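To keep things clear, I will list the structure first and then write my remarks on it.
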Amino acid sequence: MKKIKVKLAKNSYSILVAKLSYQEIADRISKTEFNKNLLIVADENVNSEWGEYIRKPFEGYKNKIEFYDLKAGENSKSYIELNNIYSFLIDKNFGRDTLIIAIGGGVTGDLVGYAASTFMRGIQLIHVPTTLLSAVDSSIGGKTGINFNNRKNMIGSFFQPKLVLIDTNFLSTLPQSEMISGIGEIVKYTYLSPDDFFDFAKSNLDKALLNDEEVIHEFILRSAAIKAAVVSQDGKESNLRKILNLGHTFGHAIESDLNFEIKHGQAVLSGLISALYLSNKIGILKKNRMRKLLSLPLSIKLPSKLSALDEMNMINIMQMDKKNRDGKINFVLLSEIGNILIDVQTGEKDVLDSISSMKESFKKDSL
Ligand code: NAD
Ligand code: ZN
């Protein structure tokens, strides 16, 4: 079992990574200071694949325990579903001495995290991420939230879990498209740390795409460690944490322009490609280094509908992004692996050209 620590001024916690580690969860809860009254939330897909696996460790559990089934999909990050969870907690007489366990992807984690952060001014939370994206990204760092009036993550909070338990066994049933989505974030992490992660990822990408357990395990360990280190230094996104948005200014605009018809991680991959081109166009990233760094995201097949992106509309979307002010777009760019620049503003033509370069170069899937 590998342990990564998220060190915060208050509420530090551990991320545990090991295959089959979920099986010990009931033991772990009974041996710690965690609350013993449990609400376990999972979505319908996770339940249909893992329902028994999730319940098994709690057979004969002595304290209060309830299971809550969530509809799968982004639409569950809504105040309606939030309301349902509050009502369920109240109907079943849960109090402040409750521990909620969110088992699932980022949708479950974000929604349940927000419910935990607000119910009775905050109850305990454990994340058990079951997608690659949630294992390396959304379960770490304490961002929770729901969507509102069609706007993503408009309502939310920073709320740290007591524990993140990554049981890689769950990933064995994850669809290939969801694996690629997680790999999008992992490619981002390879640019953030000055070690050999990029080379490791490049030489093991094919194995990862075939769901090779050892490679995926290593990808998770290295990525989670990077996110944990960044979050430990900047809990609430004042500055350093902005480096985690590499590829995301473009990525969010790409998702939005394509009406969210592609996966987040696929948008991040195309966003990373665009950000590398932009870094080169404004003269901070040398061409030969750009080519090398592009070789990783350019070797992953992406939806051919990216060719239909409307560059001008993307610029409009980026100007309206809640992270930007006065119509100026703040990019996160890079001059070298581990050397990230935040709040970079550039000329509009360079941005348009970078999107065009991405559209011309990404590896198209056959769909
Ligand atoms: P998701 O939770 O919708 O999961 C993707 C799909 O996989 C769903 O259909 C789900 O039912 C299914 N699934 C989950 N685990 C499975 C398993 N083991 N086997 C089979 N199917 C499984 O999506 P996601 O990609 O995990 O997360 C995306 C969400 O995360 C977005 O809402 C995004 O805004 C949020 N997010 C939050 C943060 C943060 O810091 N809080 C960071 C990144 C993303
Ligand atoms: Zn992301």
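Owing to the predicted nature of the structure, the values given are computational and were not obtained by experimental measurement. Indexing begins at 1, ligand by ligand and atom by atom, following the structure's order.
Taking every heavy atom of Val46 and a limit of under 4.0 angstrom, the matching atoms of ligand 1 come to 14 (C), 15 (N), 16 (C). Interface atoms of ligand 1 facing Ala72, defined by a heavy-atom separation under 4.0 Å, are 11 (O). Of all the atoms in ligand 1, the ones that sit under 4.0 Å from a non-hydrogen atom of Trp50 are 18 (N). For ligand 1 and Lys152, the ligand atoms under 4.0 Å from any heavy atom of the residue are 31 (C), 32 (O), 33 (C), 34 (O).
Residue contacts with ligand 1: Ser181 is placed with no nitrogen or oxygen under 3.5 Å of a nitrogen or oxygen of the ligand (distance criterion only). Annotation: Val107 places an N or O atom under 3.5 Å from an N or O atom of ligand 1; distance criterion only. Considering backbone and side-chain N/O atoms, Asp110 comes within less than 3.5 Å of an N/O atom of ligand 1.
Remark: Phe148 pairs with Tyr79 by the ring-ring contact (aromatic ring centres under 6.0 Å, His included) rule, at least two apart or across chains.
Using a distance-only test at 3.5 Å, with no hydrogens or angles considered, no donor-acceptor pair links the side chain of Arg222 to the main chain of Ala201. Side-chain atoms of Glu59 do not come within 3.5 Å of backbone N or O of Arg55 as any donor-acceptor pair.
The protein non-hydrogen atom at the shortest distance from atom 18 (N) of ligand 1 is Phe170 O, 2.8 Å. What sits closest to atom 20 (C) of ligand 1 on the protein, heavy atoms only, is Thr173 O, 3.2 Å. Among all non-hydrogen protein atoms, the one lying nearest atom 25 (O) of ligand 1 is Leu133 CD2, 3.8 Å. The protein non-hydrogen atom at the shortest distance from atom 10 (C) of ligand 1 is Asp43 OD2, 3.3 Å. Among all non-hydrogen protein atoms, the one lying nearest atom 9 (O) of ligand 1 is Asn45 ND2, 3.0 Å. Protein heavy atom closest to atom 43 (C) of ligand 1, with residue, atom name and distance, is Asp137 OD2, 3.5 Å. Annotation: atom 14 (C) of ligand 1 to nearest protein heavy atom, Thr131 CG2, 3.3 Å. Regarding atom 32 (O) of ligand 1, its nearest protein heavy-atom neighbour is Glu74 OE1, 2.7 Å.
Partner of Trp50 under the side chain to side chain donor-acceptor pair (under 3.5 Å) criterion, chosen from Asn169, Thr173, Asp167, Thr130: Thr173.
Using a 4.0 angstrom heavy-atom cutoff, Glu178 counts as in contact with ligand 1.
The nearest non-hydrogen atom to atom 36 (N) of ligand 1, considering only Gly105, Gly106, Ser138, Gly109, comes from Ser138. By heavy-atom distance, the residue among Leu70, Val268, Leu174 lying nearest atom 22 (C) of ligand 1 is Leu174.
With a heavy-atom cut-off of 4.0 Å, Lys263 does not touch ligand 1 at all. Only the side chain of Asn153 comes within 4.0 Å of ligand 1, judged by heavy-atom distances. Here Lys77 has side-chain heavy atoms under 4.0 Å from ligand 1, and that is the only part of it that gets that close. Under 4.0 Å from ligand 1, heavy atoms of Lys143 appear from its side chain as well as its backbone.
Below the 2.8 Å limit, the Zn ion (ligand 2) has as protein N, O or S neighbours Glu185 OE2, His248 NE2, His264 NE2.
Look at Glu336 and Arg289 and you find a salt bridge, because one of the NZ, NE, NH1 or NH2 atoms lies within 4.0 Å of a carboxylate O, short of that distance.
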